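Single-structure report; data block below.
Bear in mind the structure is a predicted one, so any value in this text is a computation, not a measurement. The chain is numbered in sequence order, starting from 1. Scope of the values below: all heavy atoms of this structure, side chains included, with no hydrogens, waters or symmetry mates.
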Amino acid sequence: PAPLVADVQAGEANGGGAPAAVGVVTIALGSMAGSVHLAGLAADTAYDVYLVAQDEAGNVQASVASVIGLQTADVADIVAPLFVATYPHVVSVAGDAISVVVKLDERGT
C-alpha cells in the first residue's frame, strides 16, 4: 500500500519501514521545477515513487502523489563469476566418471 503523507515527509515507507531510496528537492523561488536523484537502486527492477510537496509556510499537500512502476535500466554484467573458496572440488572418482562440486559467487553456468 502507498505510504501516508507523514510517512513520505519522514522519509519512510508505509508503516515506518525503510524505503529503497529517499530524496529531497528544494524548488527555487520563481522556478517551480526541480529534480531529485534516487541512487542505490537495483538494476532492472520496478519501483513506485511517492512524493509530497510542502511550501515555505509549512502547507503540505493533502495526499501523496505517486509514479507507479518506474523501471530501472538493465545494466550489463561485466564482471565474470568466480569460484567460491575451496571450490571446485572432486567428490568422487569411479571407473569412468568423476563428480565435481562447484559454487560460484553469482548465478551462472
Show your working on side-chain contact (heavy atoms from CB on, under 4.5 Å) between I68 and Y47 and close with a plain yes or no. CA-CA 7 Å; I68 305 298; Y47 290 94; over 6 Å; no
In Å, rounded to the nearest 0.5 Å, how long is the span from OG1 of T45 to CG of D74? 9.0 Å
Can you measure from CD (Q71) to CG (L41) and round to the nearest 0.5 angstrom? 11.0 Å
Do V24 and V49 sit in the same hydrophobic cluster, where Ile, Leu, Val, Met, Phe, Trp and Tyr count as joined when their side-chain heavy atoms come under 4.5 Å apart? no
Taking all atoms of both residues into account, what is the closest heavy-atom pair of V25 and V36, and its distance? CB-CB, 4.2 Å
Expected output: side-chain D44 to main-chain A73 donor-acceptor under 3.5 Å: no
Looking only at atom types and distance, does a side-chain atom of D105 sit under 3.5 Å from a main-chain N or O of P81, one as donor and one as acceptor? no
Of the non-hydrogen atoms in V60 and Q9, which two are nearest, and what is the gap between them? CG2-NE2, 3.2 Å
Is there a donor-acceptor pair closer than 3.5 Å between any side-chain N or O of S99 and the backbone N or O of S92? no
CG of L4 to OG of S63: how many Å apart, nearest 0.5 Å? 11.0 Å
Does V102 belong to the same Ile/Leu/Val/Met/Phe/Trp/Tyr cluster as L104, with side-chain heavy atoms less than 4.5 Å apart forming each link? yes
Correct closest heavy-atom pair for E12 and P3 would be O-CB, 4.4 Å
Look at atom CD of E56 and say whether more than 12 heavy atoms of other residues, nucleotides or ligands are closer to it than 6.0 Å. no
Of all the heavy-atom pairs spanning A21 and A39, show the shortest one and how long it is. CB-O, 3.8 Å
Which atom of V100 lies closest to which atom of P88, heavy atoms considered: CG1-CB, 3.7 Å
Out of curiosity, does Y87 fall in the hydrophobic cluster containing L82 (side-chain heavy atoms, cut-off under 4.5 Å, transitive links)? no
Closest non-hydrogen atoms of V5 and V52, given as atom of the first, atom of the second and distance, are CG1-CG1, 3.8 Å
Between the side chains of Q54 and N59, is a donor N or O closer than 3.5 angstrom to an acceptor N or O? no
Are L70 and V22 grouped together when hydrophobic residues (ILVMFWY) are joined by side-chain heavy atoms under 4.5 angstrom apart? no
